[in-house]
Amino acid sequence: MRNKILIVDDDPGICNSLSLLLRSEKYHVDNTTESREGVTLIKKNKYDVCLFDYKMKGLNGMDLARITKDLNPRCQVIIIFSHDEYRRVI
């Protein structure tokens, strides 16, 4: 089994599509559409890579990134932006 990956995105379509794609490449993937469940998974598992949606209800992707890095500094974190969200951050 390859790297362990966590995907947290409140859009079920994106969450499931990314999960299917990565599983087809033989990665172990956990996913959730709930940011609080993401925190539970981060505390329970050691992930190599985490993909977080930037804008979600509850905790956002940056919140999840901070929690992840506090618990697992070696984890690579990728924040997913939509085009409009990216413009607002810059």
Side-chain angles (χ1 to χ4, degrees):
M1 189 63 70
R2 290 186 180 187
N3 294 344
K4 280 186 83 160
I5 299 173
L6 173 63
I7 300 169
V8 183
D9 194 312
D10 60 352
D11 182 323
I14 292 173
C15 197
N16 291 330
S17 295
L18 286 172
S19 296
L20 286 171
L21 174 70
L22 292 167
R23 285 184 184 127
S24 74
E25 295 296 323
K26 307 295 186 232
Y27 290 99
H28 172 84
V29 180
D30 291 332
N31 66 38
T32 181
T33 58
E34 301 290 329
S35 60
R36 292 287 177 193
E37 185 179 352
V39 173
T40 300
L41 290 167
I42 293 164
K43 289 179 178 179
K44 183 177 171 184
N45 300 291
K46 268 255 201 263
Y47 292 101
D48 300 296
V49 178
C50 291
L51 290 94
F52 301 137
D53 185 12
Y54 174 73
K55 187 176 179 183
M56 295 182 282
K57 292 180 183 175
L59 299 171
N60 66 36
M62 297 304 289
D63 298 326
L64 292 175
R66 281 188 278 280
I67 293 166
T68 300
K69 287 298 195 173
D70 285 346
L71 296 172
N72 182 5
R74 292 180 171 245
C75 182
Q76 299 298 310
V77 175
I78 299 168
I79 305 294
I80 303 167
F81 292 87
S82 75
H83 182 67
D84 289 337
E85 290 169 350
Y86 180 72
R87 275 194 250 155
R88 281 184 285 232
V89 171
I90 293 177

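- The minimum heavy-atom distance linking Pro12 with Thr33 is given by the pair CA-CG2, 3.9 Å.
- Using a 4.5 Å cut-off on side-chain heavy atoms (C-beta onward), Asp48 and Lys4 make contact.
- For the atom pair CG of Leu51 and CG of Leu22, the computed distance is 7.0 Å after rounding to the nearest 0.5 Å.
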- Decide yes or no on side chain to side chain contact (heavy atoms under 4.5 Å, CB included) for Asp53 and Ile14, but give the supporting numbers first. CA-CA 10 Å; Asp53 185 12; Ile14 292 173; over 6 Å; no

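- Val39 and Leu59 make their closest contact through CG2-CD1, 3.4 Å (heavy atoms, listed as atom of the first residue, atom of the second, distance).
- Atoms CZ and CE, from Arg36 and Met56 in turn, are 10.5 Å apart once rounded to the nearest 0.5 Å.
- Taking both residues in full, the closest heavy atoms of Val8 and Gly38 are given as CG2-CA, 4.0 Å, listed atom of the first, atom of the second, then distance.
- Grouping the Ile, Leu, Val, Met, Phe, Trp and Tyr side chains by contacts below 4.5 angstrom, directly or via other members, places Leu21 apart from Ile5.
- Interatomic distance, CD1 of Ile80 versus CD1 of Ile7, reported as 7.0 Å (0.5 Å rounding).
- In this structure, the side chains of Asp30 and Asn45 come closer than 4.5 Å at one or more pairs of heavy atoms.
- With a 4.5 Å cut-off on side-chain heavy atoms, Phe52 and Thr68 count as touching.
- Expressed to the nearest 0.5 Å, how far CG of Asp11 lies from NZ of Lys55 amounts to 13.0 Å.
- Nearest heavy atoms, Cys50 versus Cys75: SG-SG, 3.6 Å.
- No side-chain heavy atom of Glu34 sits less than 4.5 Å from a side-chain heavy atom of Thr40.
- The two residues Tyr54 and Ile79 have their closest heavy-atom pair at CB-CG2, 3.6 Å.
- Asn31 is not listed as a side-chain neighbour of Leu18, based on a closest heavy-atom distance of 4.5 Å or more.
- In this structure, the separation between NZ on Lys26 and NE2 on His28 is 14.5 Å, given to the nearest 0.5 Å.
- More than 12 non-hydrogen atoms from other residues, nucleotides or ligands lie less than 6.0 angstrom from NZ of Lys69.
- Atom OG of Ser35 is separated from atom CG of Asp9 by 11.0 Å, given to the nearest 0.5 angstrom.
- Side-chain contact between Asp70 and Ile67: absent, with no pair of heavy atoms (C-beta onward) separated by less than 4.5 Å.
- The shortest heavy-atom contact between Tyr47 and Leu41 is CE1-O, 3.4 Å.
- Side-chain heavy atoms closer than 4.5 Å link hydrophobic residues (I, L, V, M, F, W, Y) into clusters, and following such links, possibly through other members, connects Phe81 to Met62.
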